[in-house]
Amino acid sequence: MLSVSEAEAIILNLVQPLDKERDIEVVDLLTASHRILASPITSQLDFPHWDNSAMDGYAVRYEDVQDASESQPVSLQIVEEIPAGYQPKYTIQQGQAARILTGSVMPPGADTVVMQEATRREENRVLILATPKPQEFVRHRASYYQAGTELLSKGIILNAPDISVLAAAQCTKLPVFRKPVVAILSTGNELVTPDKALQPGQIVDSNQYALAELVRESGAEPLMLGIIKDEPDALEEAIAHAITNADIVLSSGGVSVGDYDYVEQVIESLGGEIHIRAVAMRPGKPLTVATFRLSHGRVYFGLPGNPASALVTFWRFVQPAIKKLSGLAKGWKPKFVKARSRNEIRTDGKRETYLWGETFLNSEGFYEFQLATGGHSSANLINLAQTNSLAVLPVGQTLIPAGGEVEILKQ
Ligand SMILES: Nc1nc2c(c(=O)[nH]1)N[C@H]1C(S)=C(S)[C@@H](COP(=O)(O)OP(=O)(O)OC[C@H]3O[C@@H](n4cnc5c(N)ncnc54)[C@H](O)[C@@H]3O)O[C@H]1N2
Ligand code: MOO
Ligand SMILES: [Mg+2]
């Protein structure tokens, strides 16, 4: 059976990112947050746009004030006041200064700013009481960014600081990758929608809801295809529709060895190539991964039906696949951190094991993991509520004592 990391490598290799020409849309800056940039951004503006002052004070020529001190102040004539938004009119000559405020344009001739606290004002003159450093408190044009060079690179998720940079750079229309479409279908004769009264033997199709939410959280658009009966014809029709209308297809259920588990059979009858049939993990062993020749680069995930298995396989494999597909340049794989386990954790060590719980920062600033109480059966979805992470125990590890270190996959 494939290991989890082998399965991850196969999946990431199958996924092809969206096309940087075909799969883009242009969005307004105000709606660009969390979207992925589809091409690099450059600006025609230098940052700062001009030499300006970092302090409220006086713009001077360094050579005039290089010997200034409290006991031997240098007296300069103030020729101009330069508030924000004002273009200086005078060139500072020997023995002159300009009153300047933070962010204001440096006047020609001046090369240094003396902060107000190191001066004393005497009507239209200023006494400089200390020697500044050459060019002190001047923010030089283009020292933060040079016009025409790359400002933001392709494949990043735009965050609030990025939006601020783009606004300042007057980039208000942005090319971003379209959101990938992820089709979701649930298989099972026993499944009903949550609004239906349950007949004996029926259960609610909770996976459809869980997966739709996880798809949205991953930055993609769910295409909800509902509940499909455990019948090969119905399944074939649904899967054929899904693979032609979505970038990724998720089904849940029907991938084990039961009499009504038709997913693999239907994939093959549709000409699909199955790359993964099982993974050495718990929960999630019967994961099925396939591709179809007709829909290049589209990956089919047959997730196991048990609710915890569907969630765990989504976090471990589908989320990275969506990230790569979305055009994100890096950081596709899940993030693992180390935490101290509050509880003793035991497993049989036969497969890589994922146990859900809550990870939080303790008062010393370290991560602690609290295992969800109740059974860790893959059919138990009740104790998944309010969990935010999975403890990962590698093959062969059967025990983590209370207080021991555990690896955590954090959401
Ligand atoms: N003889 C064997 N039996 C099973 C094996 C095995 O290796 N040999 N593997 C077990 C494991 S592990 C899992 S996981 C399940 C996977 O089963 P399937 O993917 O075939 O799923 P189903 O049989 O359709 O359903 C399993 C279980 O999950 C419930 N379910 C299904 N879909 C949903 C949904 N959309 N929302 C909520 N719950 C759902 C379904 O009612 C069943 O209870 O197989 C084991 N068996
Ligand atoms: O993976 Mo099954 O996924 O152990 O319940
Ligand atoms: Mg089954």
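Since this is a predicted model, take the numbers as computed values, not measurements. All values below come from the heavy atoms of this structure, side chains included, with hydrogens, waters and symmetry mates left out. For ligands, and for the atoms within them, numbers begin at 1 and follow the listed sequence.
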Ser206 to ligand 1: N or O pair under 3.5 Å?
yes
State whether the shortest distance between N or O atoms of Pro286 and N or O atoms of ligand 1 falls below 3.5 angstrom.
no
Between [X] and ligand 1, which part of the residue brings a heavy atom under 4.0 Å of the ligand: side chain, backbone, both or neither?
X	answer
Asn306	both
Gln208	neither
Ser186	side chain
Ile203	side chain

Between Glu358 and Thr387, does the side chain to side chain donor-acceptor pair (under 3.5 Å) criterion hold? Intermediate values first, please.
CA-CA 5 Å; Glu358 189 191 353; Thr387 59; over 6 Å; no
Does Arg99 make a cation-pi contact with Tyr58 (under 6.0 Å, within 45 degrees of the axis)?
yes
Is [X] close enough to touch ligand 1? Criterion: a residue heavy atom under 4.0 Å from a ligand atom.
X	result
Ala379	no
Pro283	no
Gly258	no
Gly254	yes
Val204	yes
Ser378	no

Before giving the answer on salt bridge (Lys or Arg N to Asp or Glu O under 4.0 Å), spell out for Asp23 and Arg178 the whole-Å C-alpha distance, their side-chain angles and the decisive distance to 0.1 Å.
CA-CA 6 Å; Asp23 293 318; Arg178 68 173 174 83; 3.1 Å; yes
For [atom], which candidate among [options] provides the closest heavy atom?
atom	options	value
atom 23 (O) of ligand 1	Ile184, Asp261, Leu185, Val255	Asp261
atom 34 (C) of ligand 1	Ile227, Asp259, Asn207, Val312	Asn207
atom 6 (C) of ligand 1	Ala278, Ala210, Ser256	Ser256

Which of the numbered atoms in ligand 1 are under 4.0 angstrom from any heavy atom belonging to Val257?
1 (N), 2 (C), 8 (N)
Nearest protein heavy atom to [atom], by residue and atom, and its distance?
atom	result
atom 40 (C) of ligand 1	Glu190 OE2, 3.1 Å
atom 39 (C) of ligand 1	Gly305 O, 3.4 Å
atom 35 (N) of ligand 1	Asp205 OD1, 2.8 Å
atom 7 (O) of ligand 1	Lys285 NZ, 2.9 Å

Strictly under 2.8 Å of the Mg ion (ligand 3): which protein N/O/S atoms qualify?
Asp261 OD1, Asp261 OD2
Select all protein residues for which some heavy-atom-to-ligand 2 distance is less than 4.0 Å, and list them by chain and number.
Pro283, Gly284, Lys285, Pro286, Asn306, Ser309, Ser378
Please step through salt bridge (Lys or Arg N to Asp or Glu O under 4.0 Å) for the pair Glu25 and Lys179, ending with a clear verdict.
CA-CA 9 Å; Glu25 57 194 45; Lys179 290 188 178 188; over 6 Å; no
Is there any salt bridge (charged side-chain N to carboxylate O under 4.0 Å, His left out) pair reaching into residues 281-299, and which pairs are they, with sequence neighbours excluded?
Arg282-Asp348
Only pairs at least two apart or in different chains count here, so list each salt bridge (charged side-chain N to carboxylate O under 4.0 Å, His left out) that has a residue in residues 203-213.
Glu213-Arg216
Just by distance, no angles: are the side chains of Glu80 and Tyr86 close enough, under 3.5 Å, to form a donor-acceptor pair?
yes
